[in-house]
Visitor: 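Structure below; questions to follow.
Lettering of chains follows the sequences in order, A, B, ..., and the numbering in each one begins at 1.
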Amino acid sequence: MADIFVNMGEIEVVRGEGVLITVGLGSCVGVAIFDQERSVGGLAHVFLAASRNGLGATQPGKFADTAIPALVDALIRVGARRSALEAKIAGGANLFPRLGESTLNVGKQNVAAVREHLQLNAIPLRAEDVEGNKGRKMTLYTKTGIVVVQSIGEAPREI
Amino acid sequence: MAGSNKPTPMELDLLRELGNIGAGNATSALSSMLNDRKLEMVVPEVACLTLPETTDLIGGSEAPVAGIYIAVSGDVDGHMAFLMPIESAHQLVDSILGQETSEFDDMGCSVLEEVGNIVITSYLNALAEMTGLMIIPSVPGLAIDMAGAIWSSILAGAAILDEYITVIKTAFSSEGKQIAGHIMLIPGEDGFERFFKILLGTDNG
């Protein structure tokens with residue numbers, strides 16, 4: 001099966017053996033949720049913490065509060081069990097540290113919102129690679145639930 | 001929501017004209033910085049693009065780029081970024097420092113930040129001169145990273161949910177070398193409507 005690229009604000013799920021990739025995670029957070037035994041996995045590329053302007057309904061993948069329930073629903077539709085879901089997350093960096101904690105550090109807010117909504121949906125967070133000052137590429141292998149994270153100029157790391 | 005901030009063809013023409021004036025300003029500022037080294041800058045095109053098109057323009061989401069970001073406040077608010085493919089950033093730094101660099105050290109980063117600052121503020125000066133509006137640029141922030149990571153961080157920081165982004169393509173040439181760069185113009189909540197109204201003579205108050 002060909003690798004599937006998940007763009008900003010998108011949600012993709014795969015049953016069986018598949019590779020889901022999202023690139024260019026800056027302040028955005030990549031959320032991987034999977035049912036390992038059933039080999040069902042999905043990935044969302046979350047842009048902001050909370051939905052606004054009524055966009056949560058039309059573009060749920062953009063916001064942490066709508067992306068996580070939408071991803072869970074999509075996973076259950078293709079055979080995952082709610083009680084077996086686990087999550088791994090990556091991203092939420094601040095690429096412009098010199099500009100301080102102000103406007104551009106939405107990364108931290110995104111990470112906090114993703115953790116909160118995983119908890120609200122009773123999904124255990126198994127691993128994370130978040131914050132810092134570097135952009136990330138995140139790959140989910142749906143058969144195993146393995147997530148690989150890579151930043152420019154660094155070796156890939158498995159989480 | 002989609003396209004609410006999408007400029008009309010006439011507005012795009014205006015932005016290009018402003019781009020040319022800004023490029024003129026930037027060229028003279030850069031020339032003095034370059035000690036007579038010849039660096040020219042042109043604005044060949046202005047386009048209104050979707051986010052994926054914008055990242056494609058700079059080589060795709062995963063492509064390494066140098067990005068300089070400046071927030072704009074004053075009579076209008078908005079965000080500007082200057083993005084260069086990493087090869088172009090190297091060529092620019094090399095031609096300014098007069099030596100080959102493989103990694104960006106503090107000096108290289110300062111050069112990039114300053115060039116981005118000059119390019120963006122030259123453009124803002126052109127806007128301010130033509131409209132009489134007060135425009136205040138923030139300090140520049142520099143990131144060298146994946147294009148998608150830089151670009152989406154800027155958009156998220158600005159809470160931009162619009163589907164269209166106005167992009168002013170720029171090109172430098174230095175002693176026969178072509179150096180590419182792109183100025184991104186992201187209007188704030190009130191958009192650049194106010195500019196257009198003033199520039200097109202439709203501002204009734």
Visitor: What pair of heavy atoms forms the shortest contact from B:Leu142 to A:Phe96, and how long is it?
Guide: N-CD2, 3.8 Å
Visitor: What are the two closest non-hydrogen atoms of B:Pro64 and A:Ile152, and how far apart are they?
Guide: CB-CD1, 3.8 Å
Visitor: What residue in A:Gly26, A:Gly24, A:Gly91 has the most heavy-atom pairs under 4.5 Å with chain B?
Guide: A:Gly24
Visitor: Can you confirm whether more than 12 heavy atoms, excluding those of B:Glu53, are under 6.0 Å from its CD atom?
Guide: yes
Visitor: Inspect the surroundings of CZ in A:Arg81 and state if more than 12 heavy atoms from other residues, nucleotides or ligands are less than 6.0 Å away.
Guide: yes
Visitor: Which atoms of B:Glu103 come close to chain A, meaning under 4.5 Å heavy atom to heavy atom: side chain ones, backbone ones, both, or neither?
Guide: neither
Visitor: Please name the pair of heavy atoms, one in B:Ala149 and one in A:Gly135, separated by the smallest distance, quoted to 0.1 Å.
Guide: CB-CA, 3.8 Å
Visitor: If I take atom OG from residue B:Ser153 and atom CG from residue A:Asn133, how far apart are they, to the nearest 0.5 angstrom?
Guide: 10.5 Å
Visitor: Given a strict heavy-atom distance threshold of 4.5 Å, which part of A:Leu25 is in contact with chain B: side chain, backbone, both, or neither?
Guide: backbone
Visitor: What closest approach, in Å, do A:Leu95 and B:Ala143 show between heavy atoms, and which atom pair accounts for it?
Guide: O-CB, 3.5 Å
Visitor: Considering all heavy atoms of both residues, which atom of A:Phe47 and which atom of B:Leu155 are nearest to each other, and what is their separation?
Guide: CZ-C, 3.6 Å
Visitor: Do other residues, nucleotides or ligands put more than 12 heavy atoms under 6.0 Å from B:Asp106 CG?
Guide: no
Visitor: Taking everything shown except B:Glu100 itself, do over 12 heavy atoms lie less than 6.0 Å from its CD?
Guide: no
Visitor: What part of A:Asn110 gets closer than 4.5 Å to chain B, counting heavy atoms only: side chain, backbone, both or neither?
Guide: neither
Visitor: Distance check, rounded to the nearest 0.5 Å: B:Met146 atom CE versus A:Lys137 atom NZ?
Guide: 8.5 Å
Visitor: Which pair of non-hydrogen atoms, one from A:Val23 and one from B:Glu62, has the smallest distance, and what is that distance?
Guide: CG1-OE1, 3.6 Å
